[in-house]
Amino acid sequence: MNRNNSNRQKTAGIIRFSCGILSFLFSFCYLYFLQGEILAEAQYMYSGGITTYNLLAGAIIIPVVLLIVQWIVCKLSQLPPRWHTLSYLPSMLALAMITDVNRETIIHFSFGDWLWIAPAVIVAYIIVVMIVRRVNVGATLVSHDIWSQAYPNYIILFALFIAVGSIPQTSDVYHFELKAERLILNKDYEGASRVGEKSLQASARLTQLRMYALSKQGQLADRLFEYPQYYGSQGLLDVTDMQPDYRFTTQDICFYLGALCGKSVTSTDRYYELMLTDSIWNQHTVEYYLCSLLLDKRLDDFLQQLSNYYNLADSVPNAYDVLPRSFREAFLIIGQPEAAMQGSIVIDNDTLATLSDADLVQHFREYNEMKSNLSDPIERINRTHRQFGTTFWWYYDFSDKAIGELRKRK
């Protein structure tokens with residue numbers, strides 16, 4: 001009899017310990033890798049920016065609190081070892097509630113459907129616990145080997161994990177935005193520029209954050225088209241988006257460019273005009289402005305404005321060769337096509353320069369060759385994108401014609 005009790009206690013202890021470890025690991029990974037960014041945004045909003053959320057600390061403290069809740073429930077419910085993981089339901093319910101937030105619920109605080117779902121789940125849970133305890137009257141007839149006791153617990157636990165993970169409806173792009181924003185605030189500009197780099201999905205705000213991070217690294221005009229550009233110049237700066245609830249706002253970008261944007265400035269073009277006319281601009285302002293012209297495909301304006309900020313005189317050796325990559329790619333389109341294939345920039349029969357970057361010129365020839373050899377419009381867009389999608393050439397020719405993710409708007 002004592003031996004049976006000892007085996008029963010040992011089995012119950014193994015189940016409690018293993019389920020506790022699994023629950024902690026799931027909660028930690030879920031909070032740290034998947035939901036940490038949105039909790040940081042929520043805490044910033046609800047505290048009015050007074051406090052900040054630490055991803056690592058939150059991913060440790062919250063699971064510990066949830067385990068305490070589970071321990072209390074376990075003591076109160078007196079569930080048999082075979083159904084021990086039912087005591088995790090209230091803590092998993094709490095985890096689902098605190099992570100089921102999005103931009104709308106953060107700005108306009110609301111419990112939403114949880115106001116009736118949570119009470120209903122708790123009532124149903126109490127009923128189930130009562131039934132399980134009553135059925136367990138015949139527990140002495142049940143085998144107490146580890147497997148027969150453990151598999152129902154693990155099935156229930158993993159079902160709870162799946163249920164919690166399936167509830168949040170926040171898009172990947174929103175998570176990308178929040179992560180990029182946090183990394184920028186931490187001055188990790190390289191990390192911010194890599195957020196979501198393998199995804200074709202983007203929003204205007206995510207693009208703005210990435211471009212700012214590139215600019216802080218001095219790489220904006222060189223790497224401008226390495227990222228999906230679905231929003232033209234608004235993907236760089238949009239002074240009409242003065243949302244004050246962001247941790248990193250449009251005004252922060254404007255301050256970086258030289259001056260805050262006043263309420264009387266109603267368009268980004270007007271902002272650039274005032275900045276460049278009043279001579280309060282810096283090199284970042286110029287780079288933003290010229291890149292915005294490329295993004296809006298205003299090549300005549302780009303050609304006219306470039307010489308105002310870059311010394312391209314014949315007396316400057318290799319003046320065109322030291323221009324950022326996207327600017328050089330633009331000149332190959334602006335110039336006469338036949339000469340551009342040889343790397344010469346010829347405009348109005350005037351040879352401005354011959355680019356010494358043989359790889360860039362060869363890349364341009366290959367792009368035009370592939371484009372001319374593909375007759376089907378869809379195939380031309382997709383195949384050229386796979387090989388040349390990070391160039392201004394592809395953006396200029398096909399960004400308005402692409403479909404699906406290549407042209408997605410949000």
Side-chain angles (χ1 to χ4, degrees), residues 103 107 173 177 180-181 184-185 189 192-193 202-225 227-312 323-327 329-331 333-334 392 395-396 399-400 407-410:
R103 185 71 187 172
I107 296 176
V173 171
E177 290 178 15
E181 184 179 50
I184 285 173
L185 293 174
Y189 303 116
S193 64
S203 65
R205 175 156 174 78
L206 176 60
T207 308
Q208 291 162 13
L209 293 171
R210 285 168 165 171
M211 298 304 101
Y212 175 83
L214 286 181
S215 181
K216 292 292 287 187
Q217 299 173 76
Q219 300 175 359
L220 174 60
D222 281 308
R223 300 178 57 193
L224 180 64
F225 295 100
Y227 298 82
Q229 296 289 353
Y230 303 135
Y231 303 92
S233 60
Q234 289 188 340
L236 275 179
L237 178 66
D238 182 7
V239 299
T240 64
D241 180 18
M242 287 297 178
Q243 172 61 257
D245 298 321
Y246 296 139
R247 289 172 289 174
F248 184 83
T249 68
T250 301
Q251 286 287 32
D252 292 314
I253 300 178
C254 290
F255 182 77
Y256 169 69
L257 297 181
L260 298 177
C261 180
K263 293 182 179 180
S264 61
V265 180
T266 59
S267 71
T268 305
D269 281 342
R270 179 59 177 163
Y271 174 77
Y272 287 135
E273 180 184 350
L274 292 173
M275 290 287 292
L276 298 172
T277 302
D278 292 345
S279 298
I280 56 176
W281 53 270
N282 54 42
Q283 189 59 35
H284 308 302
T285 318
V286 169
E287 194 173 47
Y288 259 69
Y289 174 57
L290 294 174
C291 286
S292 74
L293 296 178
L294 292 185
L295 288 168
D296 288 342
K297 304 181 182 180
R298 295 162 56 184
L299 295 187
D300 289 340
D301 291 336
F302 172 79
L303 181 60
Q304 179 182 354
Q305 294 294 327
L306 184 67
S307 59
N308 293 332
Y309 307 104
Y310 287 83
N311 189 350
L312 302 177
L323 289 173
R325 181 180 181 89
S326 61
F327 294 179
E329 290 178 346
F331 268 107
I333 288 182
I334 295 172
F392 175 68
Y395 176 84
Y396 184 81
S399 62
D400 293 335
R407 196 185 173 188
K408 191 169 186 179
R409 296 291 187 275
K410 291 194 173 186

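Please read all numbers here as calculations on a predicted model, not as lab measurements.
Taking OG1 from Thr285 and CG from Leu290, the interatomic distance works out to 10.5 Å, rounded to the nearest 0.5 Å. A distance of 7.5 Å separates CG of Leu274 from OG of Ser264, quoted to the nearest 0.5 Å. Separating the OG1 atom in Thr240 from the CD atom in Gln234 is a distance of 6.0 Å, to the nearest 0.5 Å. Summarising the geometry, atom CG belonging to Leu220 is positioned 6.0 Å from atom OH belonging to Tyr288; distances are rounded to the nearest 0.5 Å. The distance from atom OH of Tyr310 to atom CD of Glu287, rounded to the nearest 0.5 Å, is 5.5 Å. Summarising the geometry, atom SG belonging to Cys261 is positioned 14.5 Å from atom CZ belonging to Phe255; distances are rounded to the nearest 0.5 Å.
Here Thr250 pairs with nothing under the side chain to side chain donor-acceptor pair (under 3.5 Å) rule; sequence neighbours left out. Remark: Phe248 engages Tyr212 in a ring-ring contact (aromatic ring centres under 6.0 Å, His included) (not counting sequence neighbours). Listed by chain and number, the residues in a side chain to side chain contact (heavy atoms under 4.5 Å, CB included) with Asn308 are Gln305 (sequence neighbours excluded). When the side chain to side chain contact (heavy atoms under 4.5 Å, CB included) test is applied to Leu299, the partners found at least two apart in sequence or on another chain are Leu294, Ile333, Ile334, Phe392, Tyr396. By the side chain to side chain contact (heavy atoms under 4.5 Å, CB included) test, Ala259 pairs with Met275, Ile280, sequence neighbours left out. Not a single side chain to side chain contact (heavy atoms under 4.5 Å, CB included) links Thr266 to another residue, sequence neighbours left out. Thr249 is linked by a side chain to side chain donor-acceptor pair (under 3.5 Å) to Asp252, counting only residues two or more places apart in sequence or in another chain. In this structure Arg325 satisfies the side chain to side chain donor-acceptor pair (under 3.5 Å) test together with Glu329, sequence neighbours excluded. Residues forming a side chain to side chain donor-acceptor pair (under 3.5 Å) with Gln217 (at least two apart in sequence, or on another chain): Ser193. Judged as a salt bridge (Lys or Arg N to Asp or Glu O under 4.0 Å), and not counting sequence neighbours, the contacts of Arg247 are Glu41, Glu181.
Taking both residues in full, the closest heavy atoms of Leu206 and Ala180 are given as CD1-CB, 4.3 Å, listed atom of the first, atom of the second, then distance. Minimum interatomic distance between Cys254 and Leu260 (heavy atoms only, all atoms of both residues): CB-CA, 4.2 Å. The two residues Ala192 and Arg210 have their closest heavy-atom pair at O-CG, 4.3 Å. Heavy atoms only, all atoms of each residue included: Phe327 and Cys291 are closest at CE2-SG, 4.2 Å. When all heavy atoms of Gln208 and Asp238 are compared, the closest pair comes out as NE2-CB, 3.7 Å. A pairwise comparison of heavy atoms in Thr268 and Val239 identifies OG1-N, 3.3 Å as the closest pair.
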Practice task
Using the side chain to side chain contact (heavy atoms under 4.5 Å, CB included) rule, take Leu306 and Leu293 through it: C-alpha gap first, then chi angles, then the decisive distance, then the call.
Solution key: CA-CA 10 Å; Leu306 184 67; Leu293 296 178; over 6 Å; no
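Applying the side chain to side chain donor-acceptor pair (under 3.5 Å) test to every pair with at least one member in residues 290-300, sequence neighbours left out, gives these pairs: Ser233-Asp296, Lys297-Ser399, Lys297-Asp400, Arg298-Asp301. Here ring-ring contact (aromatic ring centres under 6.0 Å, His included) pairs that include residues 265-287, with residues two or more places apart or in two chains, are Tyr256-His284, Tyr272-Tyr289, Trp281-Tyr309.
Tyr227 places no side-chain N or O within 3.5 Å of a backbone atom of Met211 that could act as its donor or acceptor partner. Listed for the Gln229 side chain is a donor-acceptor partner under 3.5 Å among the backbone atoms of Leu224.
Residues Glu273 and Asp269 are not in side-chain contact: their nearest non-hydrogen atoms beyond the backbone lie 4.5 Å or more apart. Looking only at side-chain heavy atoms (C-beta outward), Leu236 and Tyr231 stay at 4.5 Å or farther from each other.
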